[in-house]
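For clarity, every value in this text was computed on a predicted model and none was experimentally measured. Atoms within each ligand, like the ligands themselves, are counted from 1 in listed order. Only this structure's heavy atoms are used, side chains among them; waters, hydrogens and symmetry mates stay out.
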Amino acid sequence: QQTIEQNLERDAIFQLKASLNNSFLNTNWTGPQCPSDDFPDKWSGIDCNVDGRVTGISLPSMGLAGPLISRASFLAFSELTTLVLRNNSLTGRIMDFSSNQKIQQIDLSHNRLHGPIPVSMVRLLSLQSLLLQNNFLTGTIPAFNQSTLSSFNVSNNDIAETIPATERLKSFGADSFANNPKLCGPQASHPCVSVTENETAGGGASTGSKKGSSQMSSFVIMFLLFDIAGLIAVILLFALYCKKARRLERMYQKDSTEKGTPVSTSFESESTVEIHHREPDDHHPKIEPAAAAVEVEVEKGEKLVVGTPMRSEKGKLVFLQGGEEEEARFQLTDLLQASAEGLGKGTFGNTYRAKMEGGSVRSVVVKRLRDLRPLTGEELTKQLHFIGDQNHSNLLPPLAYYISQDEKLLVSRFAENGNLFNRIHGGRGTKDRIPFRWSARLTVAQGVARGMAYLHRNTTTKAAAESGGIPHGNLTSTNVLLDENERALVADYGFIPLLAVPIAHQAMICYRSPEYQNSKKVSRKTDVWSYGGLLLELLTGRVSTYSAEKNGSGGGGGGRVDLWNWVYRAVREEWTCEVLDAEIGVQRNGVPGMLKLLQLAMRCCEKSPEKRPEMAEVLKEVEGIKAVGESEDEEDLSMEQSLEDESISTTTTSANGG
Ligand SMILES: Nc1ncnc2c1ncn2[C@@H]1O[C@H](COP(=O)(O)OP(=O)(O)OP(=O)(O)O)[C@@H](O)[C@H]1O
């Protein structure tokens with residue numbers, strides 16, 4: 001029996017469902033919206049509290065289109081703390097959140113929203129993060145000054161006028177406001193012409209008052225006067241320069257006539273001046289205009305635009321330890337002339353494959369880093385060098401980076417065989433499916449364990465030693481890449497310290513350990529949990545609910561489930577072998593090894609972090625498993641026999657509980 005509040009919330013979600021009309025949500029959102037004993041299934045993207053009230057709506061990167069729902073439908077969500085609709089194609093205006101007083105995190109970035117930011121948002125006293133970048137928002141910025149607000153981004157919109165000078169907004173850097181050409185203020189690309197303290201503190205960009213406009217016009221007149229005075233000064237200086245130049249010219253002519261050398265001069269007569277262009281040579285390299293933006297065409301109409309380089313980096317690619325030998329092979333200009341293809345959008349931003357011509361075609365991957373913490377250039381480059389210094393054959397360190405005022409790019413090797421997620425789930429049920437055999441899966445599991453154990457063991461720097469090695473922090477099947485030989489390469493490690501807090505919290509949603517949910521801290525033990533999740537995905541061929549959302553229908557794996565709970569139940573109820581992906585389950589000789597790996601996965605996913613093994617121990621165990629059973633002909637070993645040999649302990653299971 002649902003309460004009135006729950007019914008209202010359910011109606012509101014159905015309104016949302018109707019306006020978004022997404023096939024996945026249409027089939028997934030049935031029954032009551034919050035799980036209960038009778039209806040244990042969780043709705044994808046909907047979080048509830050113990051009272052069965054909706055606390056979170058999180059539907060990032062789901063290809064959602066259409067207008068954002070109206071204010072009326074949001075009235076019901078009085079317990080809502082999180083709304084994440086990032087990276088969809090939502091249109092319309094931002095709704096009013098006046099009735100959602102508990103809201104802490106709003107992420108509507110990377111959509112197609114227009115209209116102003118509602119002024120009522122300044123009264124959301126629990127708001128911690130407001131991310132509205134990459135939309136078409138107009139109007140002005142309300143005077144946000146909530147002490148709770150720790151993350152704010154309105155960049156890449158069309159917002160105008162002054163950035164309100166509130167203490168809180170002053171604490172955010174230029175990145176939070178970038179690419180709003182009509183915006184002015186200390187953090188914008190240009191200062192404001194006329195802004196008095198009163199105007200800014202009183203709510204930012206006030207418009208239309210007579211007083212304001214008369215002040216504005218007197219400032220404009222003053223500015224014009226300054227301009228005219230400046231112009232006169234320039235003309236006088238120029239005249240002085242010409243006079244001096246003529247005198248020097250005459251002296252030079254006299255001198256050269258005396259020495260008998262021919263005269264070469266830019267000054268044809270005393271009254272005309274010609275400007276000569278010098279072709280660049282070794283001594284006089286061509287000077288590029290500092291603010292010139294360079295663009296690369298990206299498929300589907302996107303563009304890779306690289307803006308003004310930071311002075312310290314001189315607009316160059318900086319090659320990291322692992323990429324030093326690449327330095328001779330390509331530079332920024334090669335990258336910018338390359339044809340580019342969008343690979344996807346992750347926690348950090350967009351990722352592109354850049355194909356450089358020249359001899360043989362060469363591909364690298366360019367990742368645009370967005371939503372970073374406010375870091376100094378030094379802090380950022382230090383961490384990038386730290387990441388680049390990791391050297392192991394199962395890691396994919398970045399090759400180079402490029403940092404400009406408004407652009408941060410990371411370049412890495414292109415992994416020919418894509419990511420593990422697609423290898424496990426891609427092309428199922430079609431003739432394009434390339435079977436992913438047991439031995440290949442085991443090799444990947446071993447490779448990932450090696451890379452992870454290296455990161456955890458690596459205490460070569462002070463920072464790493466202090467944290468007891470380097471936690472990956474975002475180990476998922478899309479962050480395990482496969483090279484041309486299907487060797488596993490662990491990518492995207494060590495980035496969590498760079499990300500803005502709310503963005504970091506959105507990473508690895510489907511691989512989060514229970515303690516991470518509370519503490520939001522990554523550690524070696526949260527990594528071990530994620531590795532366990534990766535093993536479950538490898539063994540079952542199942543997509544956890546979140547992976548399905550994130551990767552759209554492309555996965556097409558054998559069903560979307562809450563993977564951990566499903567496996568625990570399967571083991572408890574002794575239908576263990578049925579959880580194995582049918583593609584490897586038929587390799588009967590391999591089943592004992594598969595069950596060993598399943599057992600290990602479950603130990604990695606122990607609820608209590610102390611009970612989970614360290615990565616070094618995991619590596620030892622996973623390396624001890626031998627791949628046998630390469631062909632389907634080997635089905636004669638009875639399943640019962642293999643189960644007898646390698647039965648899974650149910651004690652482990654009940655300890656986890658699910
Ligand atoms: N070096 C690479 N070679 C080949 N494919 C890559 C490479 N780096 C990333 N990709 C693929 O590009 C896509 C986008 O990657 P990105 O890292 O931006 O997001 P993600 O891994 O899907 O998500 P997250 O950032 O949250 O981990 C993914 O499918 C990823 O597997």
Side-chain angles (χ1 to χ4, degrees), residues 58 60-63 84 86-87 107 109-110 298-300 302 304 320 322-323 326 335 338 340-356 362-372 387-388 394-401 408-426 444 448 451 471-496 498-500 502-512 522 526-527 530 533-534 537 543-544 546-552 554-555:
S58 189
S61 310
M62 287 194 61
V84 178
R86 170 170 46 99
N87 191 28
D107 185 350
S109 60
H110 298 270
V298 178
E299 269 181 19
K300 295 175 201 150
E302 274 190 277
L304 184 59
L320 294 161
E326 299 288 332
L335 206 61
E341 167 197 339
L343 284 177
K345 200 171 227 175
T347 310
F348 313 104
N350 286 323
T351 300
Y352 305 89
R353 175 185 182 180
K355 281 190 203 165
M356 294 177 284
R362 193 180 154 66
S363 281
V364 289
V365 167
V366 181
K367 197 172 268 206
R368 291 181 115 159
L369 301 181
R370 290 280 152 109
D371 299 324
L372 298 182
I387 293 168
N394 290 109
L395 294 182
L396 185 91
L399 298 172
Y401 64 83
K408 288 157 194 79
L409 304 177
L410 204 62
V411 183
S412 35
R413 260 172 64 198
F414 175 70
E416 291 291 337
N417 277 312
N419 66 41
L420 181 61
F421 180 91
N422 287 333
R423 186 70 187 92
I424 300 175
H425 310 288
V444 167
V448 176
H472 184 296
N474 193 15
L475 179 65
T476 65
S477 59
T478 57
N479 285 336
V480 173
L481 300 161
L482 301 171
D483 72 3
E484 58 285 6
N485 303 315
E486 288 218 330
R487 183 175 44 159
L489 302 171
V490 177
D492 281 3
Y493 50 85
F495 280 97
I496 294 295
L498 295 179
L499 290 176
I503 301 295
H505 292 173
Q506 283 158 26
M508 60 164 191
I509 289 182
C510 56
Y511 301 83
R512 283 177 178 177
V522 297
T526 56
D527 277 355
S530 307
L534 206 72
E537 202 173 332
V543 191
S544 83
Y546 177 75
S547 309
E549 282 169 27
K550 196 177 172 203
N551 293 280

Polar contact flag for Asp492 and ligand 1 (N/O pairs, less than 3.5 Å): yes
Looking at Leu396, which atoms of ligand 1 are within less than 4.0 Å of one of its heavy atoms? 1 (N)
The atoms of ligand 1 lying under 4.0 Å from a heavy atom of Phe414, numbered in the order shown, are 3 (N), 4 (C)
Check Lys367 against ligand 1 and report side chain, backbone, both or neither, counting heavy atoms closer than 4.0 Å. side chain
Output all residues satisfying ring-ring contact (aromatic ring centres under 6.0 Å, His included) with Tyr493, sequence neighbours left out; order by chain, then residue number. none
Option set Asn419, Thr478, Leu420, Leu489, criterion heavy-atom distance to atom 29 (O) of ligand 1, minimum: Asn419
Whether the side chain of Asn350 engages the backbone of Arg368 through a donor-acceptor N/O pair (distance < 3.5 Å, no angle test) should be reported. no
Please state which option from Asn474, Leu410, Leu481 has its nearest heavy atom closest to atom 10 (N) of ligand 1. Leu481
Tell me, do Val365 and Ser412 make a side-chain contact under 4.5 Å, heavy atoms counted? yes
Quick one: side chain to side chain donor-acceptor pair (under 3.5 Å) partners of Glu486, sequence neighbours excluded? Arg423
Using a 4.0 Å cutoff against the non-hydrogen atoms of Asn479, which atoms of ligand 1 qualify? 21 (O), 27 (O)
Heavy-atom distance under 4.5 Å between the side chains of Ile387 and Pro398, does that happen here? yes
Sole candidate of Pro60, Ser109, Ser61 that passes side chain to side chain contact (heavy atoms under 4.5 Å, CB included) when paired with Val84: Pro60
